[in-house]
J.: 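Pasting in a structure now, in structure tokens, and then I'll have a few things to ask.
Remember, it's a predicted structure, so these values are computed and weren't measured experimentally.
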Amino acid sequence: MDQYLTADDLAKTLRQDVREGLTGTPKTLPPKWFYDERGSALFEEITRLAEYYPTRREREILVARAPEIAAVTGAETLLELGAGSGEKTRLLLAALSPTLRSYVPVDVSGDFLAEAAGQIAADHPGLAVRPVVADYEQHLRLLPAGERRLVAFLGGTIGNMPPATRVGFLGGVRATMGADDALLLGADLVKDEERLVRAYDDASGVTAEFNRNVLRVINRELGADFVPEAFEHVARWDAGEEWIEMRLRSTRDQTVRVGDLDLEVAFAAGEEMRTEISAKFRPERLEAELDAAGLKLAEFWTDEAGDFSLSLARPA
């Protein structure tokens with residue numbers, strides 16, 4: 001397993017993100033810190049909720065289109081950014097099996113990645129599996145090259161980046177691609193506001209617990225004294241930006257101390273701290289952002305209901 005990201009690197013990044021986010025105006029925290037062991041389990045629970053459609057819709061597209069993806073790419077290497085458990089990846093691996101030689105899953109969690117990659121290697125004995133522990137926003141240029149690569153970035157994670165960051169990231173991916181490579185990008189689509197908000201504010205409160213989990217991570221890792229129950233979960237549709245914002249709203253005037261940063265932070269009653277954006281796309285916007293990054297949209301697929309999309313793009 002290649003390792004470009006160590007525990008010390010993660011700790012340093014967490015300290016920097018928390019200091020900058022809690023001292024900014026308005027306050028923010030990056031969504032990547034949701035995902036400790038508990039946060040990852042909560043997110044898996046979210047993907048099974050009736051209100052949360054993206055995971056099911058993306059899987060529907062992959063079931064229908066994986067053979068076509070394999071036919072038009074002929075990929076010999078599948079490189080997956082933010083691989084996670086690799087469940088949806090198995091659909092691609094099966095379809096690509098006639099040409100595929102290697103699978104490169106990339107994620108920030110080494111232990112989780114090793115376990116998932118080990119299971120895939122056991123299930124595909126003829127496949128070279130080379131996991132890489134890395135932050136795909138920082139280490140793109142270090143990721144393995146290969147013949148006829150298919151770079152997969154699934155799950156709609158591209159929507160967690162602001163527009164300028166998205167184009168920069170996609171441009172970074174383009175810079176690593178050869179002429180025969182392709183990018184497979186999962187992106188959620190603009191739809192009815194009520195459905196969108198419900199997907200991020202479920203009736204059973206799982207997403208609220210997931211949102212508050214970032215406070216528990218900071219308490220544990222940085223010696224903070226957040227009281228998670230003193231923050232309400234908020235999910236709001238921003239029609240101008242066409243994204244969902246998740247926030248945590250302070251239910252009272254309170255002061256939080258982050259011991260490891262020697263930092264005290266005051267929250268006013270009703271003050272909101274943004275923890276995630278999740279942009280939703282129109283096809284023309286997606287194509288324009290790919291074009292700005294030097295990528296040409298080759299194929300565009302949706303599920304039957306038109307809720308989610310998979311785009312196949314190639315170097316322009």
Side-chain angles (χ1 to χ4, degrees), residues 13 16-17 20-21 24-35 53-54 57-58 61 80-82 106 108 134-141 143 151-177 182-193 195-197 199-201 211 214 234-248 272-302 306-316:
T13 302
Q16 180 178 329
D17 286 349
E20 291 179 358
T25 304
K27 298 180 180 70
T28 61
L29 289 171
K32 63 184 174 184
W33 302 115
F34 289 139
Y35 296 95
Y53 60 85
R57 296 297 192 252
E58 185 175 49
I61 303 169
E80 185 176 13
L81 304 177
V106 181
V108 297
D135 182 334
Y136 53 72
E137 292 189 58
Q138 296 181 37
H139 301 123
L140 281 172
R141 61 185 178 80
L143 299 180
V151 181
F153 192 39
L154 303 176
T157 309
I158 189 69
N160 296 145
M161 303 176 185
T165 304
R166 285 199 301 266
V167 173
F169 168 75
L170 292 170
V173 173
R174 166 63 184 91
T176 72
M177 294 172 69
L183 169 67
L184 185 66
L185 181 66
D188 200 5
L189 300 177
V190 173
K191 58 185 65 64
D192 177 69
E193 176 180 346
R195 281 191 66 208
L196 285 166
V197 172
Y200 293 83
D201 192 11
N211 196 5
V214 70
V234 177
R236 180 176 298 142
W237 172 244
D238 185 322
E241 297 287 358
E242 294 192 321
W243 66 39
I244 286 281
E245 285 196 3
M246 289 208 318
R247 302 180 181 187
L248 289 169
E272 294 181 354
M273 172 171 60
R274 192 175 76 186
T275 53
E276 182 179 82
I277 64 168
S278 185
K280 311 305 173 185
F281 294 86
R282 300 180 189 273
E284 56 272 21
R285 179 181 181 182
L286 201 53
E287 184 170 12
E289 292 192 6
L290 289 167
D291 184 67
L295 292 160
K296 181 176 177 57
L297 184 64
E299 304 285 350
F300 182 80
W301 302 286
T302 71
D307 286 337
F308 199 88
S309 71
L310 283 181
S311 301
L312 189 74
R314 296 185 180 276

J.: Closest heavy-atom contact between Ala293 and Gly171?
T.: CB-N, 3.5 Å

J.: Could you tell me whether the side chain of Phe169 reaches within less than 4.5 Å of the side chain of Leu81, counting heavy atoms only?
T.: yes

J.: How far apart are the closest heavy atoms of Thr165 and Glu137, and which atoms are they?
T.: CG2-OE1, 4.1 Å

J.: Pair Leu29, Glu276 - check side chain to side chain contact (heavy atoms under 4.5 Å, CB included), show working.
T.: CA-CA 8 Å; Leu29 289 171; Glu276 182 179 82; over 6 Å; no

J.: Does a side-chain heavy-atom distance below 4.5 Å link Met177 with Leu295?
T.: yes

J.: Just so I know, are the side chains of Phe308 and Pro54 near enough to count as touching, which here means a heavy-atom distance under 4.5 Å?
T.: yes

J.: Got a sec, which pairs hit salt bridge (charged side-chain N to carboxylate O under 4.0 Å, His left out) with one end in residues 151-169, sequence neighbours left out?
T.: Arg166-Glu289

J.: With the side chain counted from C-beta on, respond yes when Tyr136 and Val108 share a heavy-atom pair under 4.5 Å apart, and no when they do not.
T.: no

J.: Report the distance from atom CD of Glu20 to atom OG1 of Thr28, rounding to the nearest 0.5 Å.
T.: 8.5 Å

J.: Going by heavy atoms in the side chains, are Val173 and Leu140 under 4.5 Å from each other?
T.: yes

J.: How many angstroms lie between CH2 in Trp237 and CD1 in Ile244, if you round to the nearest 0.5 Å?
T.: 6.0 Å

J.: Run the side chain to side chain contact (heavy atoms under 4.5 Å, CB included) check on Leu312 and Leu183 step by step: do they pass?
T.: CA-CA 6 Å; Leu312 189 74; Leu183 169 67; over 6 Å; no

J.: Once rounded to the nearest 0.5 Å, what's the spacing between atom CH2 of Trp33 and atom OG1 of Thr13?
T.: 5.5 Å

J.: Excluding sequence neighbours, so at least two apart, what forms salt bridge (charged side-chain N to carboxylate O under 4.0 Å, His left out) with Glu272?
T.: Arg236, Arg247, Arg249

J.: Where is the tightest heavy-atom contact between Ile277 and Pro162, given as atom of each residue plus distance?
T.: CD1-N, 3.7 Å

J.: Rounded to the nearest 0.5 Å, what separates atom CG in Asp238 from atom OG in Ser278?
T.: 12.5 Å

J.: Looking only at heavy atoms, what is the nearest atom pair of Arg314 and Ala182, with distance?
T.: NH1-CB, 4.0 Å

J.: Could you tell me whether the side chain of Thr275 and the main chain of Met246 form a donor-acceptor pair under 3.5 Å?
T.: yes

J.: Enter the distance from Leu185:CG to Leu286:CG here, rounded to the nearest 0.5 Å.
T.: 6.0 Å

J.: Distance check, rounded to the nearest 0.5 Å: Leu170 atom CG versus Asp291 atom CG?
T.: 11.5 Å

J.: Working note: Glu242 + Arg282, criterion salt bridge (charged side-chain N to carboxylate O under 4.0 Å, His left out); need CA distance, chi angles, decisive distance, verdict.
T.: CA-CA 9 Å; Glu242 294 192 321; Arg282 300 180 189 273; 2.7 Å; yes

J.: State, yes or no, whether a side-chain contact exists between Thr176 and Leu143 at a heavy-atom distance under 4.5 Å.
T.: no

J.: Run the side chain to side chain contact (heavy atoms under 4.5 Å, CB included) check on Leu184 and Val151 step by step: do they pass?
T.: CA-CA 6 Å; Leu184 185 66; Val151 181; over 6 Å; no

J.: Is a side-chain N or O of Lys27 found less than 3.5 angstrom from the main chain of Thr25, in a donor-acceptor match?
T.: no

J.: Evaluate the side-chain proximity of Leu196 to Lys280: yes if any heavy-atom separation is below 4.5 Å, no if none is.
T.: yes

J.: Determine, stepwise, if the pair Lys32 / Asp17 fulfils side chain to side chain contact (heavy atoms under 4.5 Å, CB included).
T.: CA-CA 10 Å; Lys32 63 184 174 184; Asp17 286 349; 3.2 Å; yes

J.: Given the rule in the side-chain hydrogen bond (donor to acceptor under 3.5 Å, both in side chains) test, do Tyr53 and Asp188 qualify, once you have shown the distances and angles that lead to the verdict?
T.: CA-CA 10 Å; Tyr53 60 85; Asp188 200 5; 2.6 Å; yes

J.: Do Phe281 and Ser309 come within less than 4.5 Å of each other through their side chains, counting heavy atoms only?
T.: no

